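One-based numbering, in listed order, for ligands and for the atoms of each. Every value quoted in this text rests on a predicted model; they were computed, and no experiment measured them.
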Amino acid sequence: MDNAKNLLLLFERPQEPVFLPKGDKKKKVINAPTEFLNEKHKTYITTVVSRLGESNETVPVPKISIPPMDEFLVLKRDEAFSLFIDKHRALAGKLINLFLSVKTVGHLMAVGVYAREHLNPQLFSYAFAVALRHRPDTKDLPIPSVVHSFPDKFVENRVIGRAREEVTIVPEENRTPIEIPKDFTASDLDEEHRLHYFREDIGVNLHHWYWHQVYPGRGPRQVIDKDRRGELFFYMHQQIIARYNCERLANSLKRVARLTEWSQPIKEAYFPKLDRLISKRSYAGRVANAKLQNLARTVDDSFVDVQQLEHWRDTILDAINKGVVVDRNNREVPLDEFGGIDILGNIIEATELSINPQLYGNLHNQGHNMISLIHDPDHRHLEEPGVMGDVATAMRDPIFYRWHAFIDSILQKFKATLPRYTEAQLNYPGIEVTGVEISTENAPANTLNTFWQKSDVNIANGLDFQKTGDIFVRVTHLQHQLFTYQITVDNASGRARSGTCRIFLAPKQDERGNPWQFQEQRTMFMELDKFKVDLTPGSNRITRMSTQSSVTIPFERTYRDVAKRPTDDAGIAEWNFCGCGWPQNMLVPRGKQEGMPMELFVMISNYDDDRVDVEFNGRCDDAYSFCGLKDRLYPDRRSMGYPFDRQARDGVKTLQEFLTPNMRVTNVNVKFTNRVFMRQPK
Ligand code: CUO
């Protein structure tokens, strides 16, 4: 493990020569053979290395013959890398493969050094991280958070400029965190700007970046072919839309409008105020009323017409209507009750698992591309993609939610074709949920309190070519008071039973203040938690803390400090969560200052129908609802989103009518305090 840990040094300061000091206190120096360096760095090496002190620890790099990498050079070092651009995805897939095929950790160090020196830094970091996660000899390494190596994707450009100034001029002990203003991308003239705290949240964007790293669309089979990954693409993004819509209602905005009229102007503008440290170009903004254009960009092989997008959409809708897709060998494959959504998720996301890419095309990715290149569709201005072209930044833009609401609507069309759950399927005979309550300290029962909080993030390892030492930026983000669920369940079956407790939350009223029809509220339910319960005969009391949620990762993981990585193996396993998971501080929607009425839904389903034989082993387990279990089966046999993933049985118009005795709904008030609190030291 010790040698393997040195591989992580390659993520630090991605643009610097590989031989500059790295690691904790910058004490480690990678002893790279000169022939592994790129031409520019070869000229620096003698002068730089002679200046390094004796106290450095040398990291050896074996001189081996390096596999050919010329094909990766088509993406220049200073170009923007996008996982939505086919050419880039294909390069990333091959590079992951190459890293996986290297025999030993020592050799991987050599290949990694060479790749880091010659290839595009983002391509390298992405493919290297995916490969480390999947190699048996490196899969438990604590890979540093992307916010540390590429802070430019998460922190506004002015703050990065100030951080550079600070580390150059101010001694480390006197540095104070650089405050990022709570909102900096627009003014209140833009009503969409009310949602900035959600769209620009560091943890939300980190989650999305990690999700796509844990579930890559291209690469070797063992990397992409994960249990129910197409379904999870659907469900995780559906949940993002549900959460976004809830925030919109709290801010007196309507639910997000699907992006369906592709010839019409897009009224939402967005100016991200982020600069790319690698290409030294900013992420382009988008003016109001821009229109999608056909893409014809030789530079990244992006050629696609709006009409082509329409054709793919119609072909997919046609397959949904018929209930069958056609595979690469022209055989019909039915879209069945459980596997259909997985097939469609892969088709729409256009992963390598797509059953027939030729026929169903590349709808989701090309939509991202077309939007992200709306400002320069034929590359006449030599511009790079905007934030929609990068999974680390896409969620900042209001258009992300319009595009994904459209994607979701296609998958919901399929869900609408499935048999409805009958009362008998939903019920768990003998099991009755008799009480549900939320308790929050010093607050009336069933109250959730939200407020702003400030936290610090260390961005030192992303500030290439700067002096050493920590430099923190201070961000303001949403937070909520800890709370617990108290659930009482009556087990009248006369014997011990097991169940899965499923907890969801949704606004009680629509945007007009009217109670929902079930079919609309169904898609508004946000999963808060899901866990197994054992029920003894008689009355059972379940207590569960908000921090135990199966959708979130602990707060410390989002804002974790790269310099404080544990070094013992047990600590590493605990710390080395994949990074994938909804940030704990965003578990509860913001609500309103006067209080926002919401409905908390609790269901105990029959464990016999839920069970999957899989062990929880503490590795990437926390946020399994959104991220699955690392290298294992998805731990719930039901369709994701159950029981809200389908339309309701006949005669059910409201949530109350939907309930069976093993379900219960409680009114909850989400109260927002518009004040900022400093994070309490632990
Ligand atoms: Cu996550 Cu479109 O899939 O961004």
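No close placement of the Phe400 and Tyr244 rings is indicated, their centers lying 6.0 Å or farther apart. Aromatic ring centres of Tyr215 and Phe233 lie farther apart than the 6.0 Å criterion allows.
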Give me the pairs of N or O atoms, one from ligand 1 and one from the protein, that sit under 3.5 Å apart.
residue, atom, partner, partner atom, Å
ligand 1, 3 (O), His212, NE2, 3.1
ligand 1, 3 (O), His237, NE2, 2.9
ligand 1, 3 (O), His364, NE2, 2.9
ligand 1, 3 (O), His404, NE2, 3.2
ligand 1, 4 (O), His208, NE2, 2.9
ligand 1, 4 (O), His368, NE2, 3.2
ligand 1, 4 (O), His404, NE2, 3.3

Can you give me every donor-acceptor pair (side chain of residues 81-93, partner residue at least two apart or in another chain, under 3.5 Å) with its distance?
residue, atom, partner, partner atom, Å
Ser82, OG, Phe84, N, 3.1
Ser82, OG, Gly389, O, 2.6
Asp86, OD1, Asn362, ND2, 3.4
Lys87, NZ, Val299, O, 2.9
His88, ND1, Ser82, N, 3.0
Arg89, NH2, Ala350, O, 2.6

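With hydrogens and angles left out, the side-chain atoms of Asn251 and Tyr197 include a donor and acceptor closer than 3.5 Å.
In this structure, the side chain to side chain contact (heavy atoms under 4.5 Å, CB included) partners of Asp227, at least two apart in sequence or on a different chain, are Leu633, Tyr634. In this view, Thr523 and Gln238, Gln412 satisfy the side chain to side chain contact (heavy atoms under 4.5 Å, CB included) rule, not counting sequence neighbours.
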